[in-house]
Q: 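Sharing a structure below in structure tokens format, with a few things to ask.
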Amino acid sequence: MSCTECNNFFCEGADKAPQRSLFNALGMTKEEMQRPLVGIVSSYNEIVPGHMNIDKIVEAVKMGVAMAGGTPVMFPAIAVCDGIAMGHDGMRYSLVTRDLIADSTECMALAHHFDALVMIPNCDKNVPGLLMAAARVNVPTIFVSGGPMLAGHVKGNKTSLSSMFEAVGAYTAGTISADDLDEFENKACPTCGSCSGMYTANSMNCLTEAIGMGLKGNGTIPAVYSERIQLAKRAGMQVMELLKKNIRPRDIMTESAFINALTVDMALGCSTNTMLHIPAIANECGIELNLDIANEISARTPNLCHLAPAGHTYMEDLNEAGGVYAVMNELAKKNLLNTDLITVTGKTVAENIAGCVNTHPDVIRTIDNPYSETGGIAVLKGNLAPEGSVVKRSAVAPEMLTHTGPAKVFDCEEDAQAAILGGKIVKGDVVVIRYEGPKGGPGMREMLNPTSAIMGMGLGSDVALITDGRFSGASRGAAIGHVSPEAAVGGNIGIVRDGDMITVDIPNYTLTLNISDEELAKRKAEFTPKKKELKGYLKRYANLVTSGASGAVLKNTLD
């Protein structure tokens, strides 16, 4: 293989001899130096269940790269387990890692002049963070995730992490025993992998397929299946084909590809966090996506799946039914996707999904028999959220699609959680949690504990929750997040008072604080947002982060 063919920046020339001496120090042979240098970005660690198997994925990818004539070199990416971080200050460090992951991967990839990259994420922020980095670095890149967890089993029923969180509320309400809670604790999460419902991690891994950056099965093949290892080997081999053909992330991640991803998002009923991550990834590609586009896509896209927490099917069931490609094939029957787009397979979307049959219409509804004619996510606007807010419509009880009730207002998650578990929230209430936005949190914590407590205590069909924070993909119910502008920057959520009537109208996409314009103006004139004393990375993040309505991306310049 000549140096022209190998693409390795360092393989010849006297001026590159110092670098080659350092490759010698790594134990590389001359033959390895004469092959393309492929960075394997590993999110492996020993604290995140979704990442504990990634060392095996890495080895399989490296074998695939080597078999196809490349030299694989691994370097790490950090990862936070949202479930372990949930409900305490640790959750402030979840969303913020998305940008750390993107920044550090950019640094490593460009500092070492890799010819191609294989990204191996799994959990919530690693997928979007690495997709952002892929767009920035823009060398041939492919993704292969660690795969989803198998569902747990409690008393003959499949369960997941959302079941576990809701069991805490049920125990507090006295509807299950301590022994029942212990059984959930020991059986809800039975294997490694990203938690088994259509939560944020699995949503983003599925959308990686939909956008064209992952191979078939990337989002759905369970972590413990040997098929996942085979997929990793194929990804390692395929990145060499991408290098040979010079197919790069920005060739794949076009505006039309993002529209495809959002369409699949609506059909699958993905996590509301995709409304933060897809715009942020698009931003790195020089493409602006705002929240308004979500309702346009939702209006024409039927919701075909009700995976947990919206229903009682899980990622393993979606995989058996044909996976993401089967969902895309259903959507293509009504021309809802652009199928001419190139993907990491080297083929078009149309070629990828041809013959991908939906084998379980009870898991993936057919295009003519959807759960609803509109998609799984809705964006609500109104005087309470002038820039927008987000709700997972597919996980809302029908009777809560419209709701008016009195506000119970809290300035942090902990106070709201204590009130819910203390029986201070009653049927009809609208729980308002503020100062949890990107700047105000900072870090836009997920409110899985409060939503799970509401559901577990039997209030899911009677109580709404509104926040400038966000929700885990495991949340269900009338949970409206990303309220923008947030309280910390003077948003109207900051002027809500206990007892104010609030109307949630999901079919009409509105979120309304029922006070007069005059009263609204008076309160705003008197309002001074609360400030928090911050230090370290959170202080820097709070200074740079933008609105949740724009994906909570970081500004490139200081004001």
Side-chain angles (χ1 to χ4, degrees), residues 1-13 15-44 54-55 57-78 100-121 126-145 208 213-215 232-253 281 284-285 344 346:
M1 180 184 289
S2 72
C3 290
T4 301
E5 291 171 331
C6 86
N7 294 313
N8 192 324
F9 179 73
F10 302 107
C11 75
E12 68 174 11
D15 60 325
K16 302 298 187 303
Q19 285 91 343
R20 291 195 296 275
S21 74
L22 292 168
F23 287 138
N24 281 326
L26 289 170
M28 276 194 194
T29 64
K30 183 177 180 181
E31 290 80 5
E32 286 175 296
M33 294 182 217
Q34 290 178 339
R35 294 176 175 180
L37 197 63
V38 180
I40 314 299
V41 188
S42 169
S43 300
Y44 169 76
I54 282 179
D55 56 339
I57 304 295
V58 167
E59 292 306 312
V61 167
K62 289 170 72 174
M63 182 175 291
V65 169
M67 286 192 296
T71 297
V73 181
M74 185 277 290
F75 64 88
I78 64 168
L100 280 175
I101 292 160
D103 292 348
S104 59
T105 303
E106 173 194 355
C107 292
M108 288 293 289
L110 295 180
H112 300 101
H113 214 293
F114 286 103
D115 300 300
L117 296 168
V118 181
M119 306 292 199
I120 311 179
N126 295 79
V127 188
L130 291 178
L131 282 164
M132 289 163 69
R136 287 186 204 171
V137 177
N138 203 36
V139 298
T141 301
I142 195 168
F143 278 65
V144 57
S145 76
T208 299
M213 290 296 294
L215 299 177
K233 291 175 183 176
R234 288 197 297 272
M237 291 186 280
Q238 185 58 27
V239 79
M240 298 302 295
E241 286 298 310
L242 295 173
L243 180 61
K244 192 180 300 181
K245 296 175 181 177
N246 196 29
I247 298 174
R248 297 170 181 250
R250 284 186 227 158
D251 299 326
I252 295 168
M253 292 194 287
I281 300 160
E284 296 291 348
C285 298
V344 290

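The model shown is predicted, which means the values in this text are computed figures rather than measured ones. The figures that follow rest on heavy atoms only: side chains count, while hydrogens, waters and symmetry mates do not.
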Q: With the side chain counted from C-beta on, respond yes when Val38 and Met240 share a heavy-atom pair under 4.5 Å apart, and no when they do not.
A: yes

Q: For the pair Val58 and Lys62, evaluate side chain to side chain contact (heavy atoms under 4.5 Å, CB included) and give the outcome as yes or no after the intermediate values.
A: CA-CA 6 Å; Val58 167; Lys62 289 170 72 174; 3.7 Å; yes

Q: Quick one: closest heavy-atom pair of Thr71 and Met28, and the distance?
A: CG2-CE, 4.1 Å

Q: CG/Asp251 to CG/Asn246 distance, rounded to the nearest 0.5 angstrom?
A: 7.0 Å

Q: Atom CD1 of Ile142 and atom CG of Leu242: how far apart are they, to the nearest 0.5 Å?
A: 5.5 Å

Q: Can you tell me how far the CE atom of Met237 sits from the NZ atom of Lys233, to the nearest 0.5 Å?
A: 8.5 Å

Q: Would you compute the distance between atom OG of Ser21 and atom CG of Leu26 and round it to the nearest 0.5 angstrom?
A: 10.0 Å

Q: At their closest point, which heavy atom of Leu243 faces which heavy atom of Pro36, and how far apart are they?
A: CD2-CB, 3.4 Å

Q: So for atom NZ, which belongs to Lys244, do other residues, nucleotides or ligands contribute more than 12 heavy atoms lying within a distance under 6.0 Å?
A: no

Q: Can you give me the closest heavy-atom contact between Ser42 and Ile54, atom names plus distance?
A: OG-CG2, 3.6 Å

Q: Counting neighbours of CE on Met108 that are heavy atoms of other residues, nucleotides or ligands and sit closer than 6.0 Å, is the number greater than 12?
A: yes

Q: Which atom pair, heavy atoms only, marks the closest approach of Pro140 to Val239?
A: O-CG2, 3.9 Å

Q: Would Val139 and Leu117 count as a side chain to side chain contact (heavy atoms under 4.5 Å, CB included) here? Give the steps.
A: CA-CA 7 Å; Val139 298; Leu117 296 168; 3.9 Å; yes

Q: What distance separates Thr29 OG1 from Phe23 CZ, expressed to the nearest 0.5 Å?
A: 12.0 Å

Q: Could you tell me whether Asp103 and Arg136 make a salt bridge, using a distance below 4.0 angstrom between a side-chain N and a carboxylate O?
A: yes

Q: Does Arg248 reach the main-chain N or O of Asn138 with its side chain, forming a donor-acceptor pair under 3.5 Å?
A: yes

Q: If every non-hydrogen atom of Ile101 is compared with every non-hydrogen atom of Gly129, which pair is closest and at what distance?
A: CG2-C, 4.0 Å

Q: Is it true that a side-chain atom of Thr105 and a backbone atom of Ala102 form a donor plus acceptor pair closer than 3.5 Å?
A: no

Q: Side-chain contact, heavy-atom cut-off 4.5 Å: Met33 with Asn24?
A: yes

Q: Which one of Ile120, Leu130, Val61 satisfies the side chain to side chain contact (heavy atoms under 4.5 Å, CB included) criterion with Val41?
A: Leu130

Q: How many angstroms lie between atom CE of Met74 and atom CD of Glu59, to the nearest 0.5 angstrom?
A: 8.0 Å

Q: Nearest heavy-atom pair of Thr141 and Ala134: which atoms, and what distance?
A: CG2-CB, 4.1 Å

Q: Are Leu131 and Met253 side-chain neighbours, meaning at least one heavy-atom pair lies under 4.5 Å?
A: yes

Q: Would Glu32 and Arg35 pass as an ion pair if we require N to O under 4.0 Å?
A: no

Q: According to the interplanar angle, ranging from 0 to 90°, do the rings of His113 and Phe9 count as parallel (below 30°), tilted (30 to 60°) or perpendicular (above 60°)?
A: parallel

Q: Strictly distance-based, threshold 3.5 Å: is any side-chain N or O of Asp115 a donor or acceptor partner for the main-chain N or O of Leu37?
A: yes

Q: Below 4.5 Å, heavy atoms only, C-beta onward: do Val144 and Leu215 meet side chain to side chain?
A: no

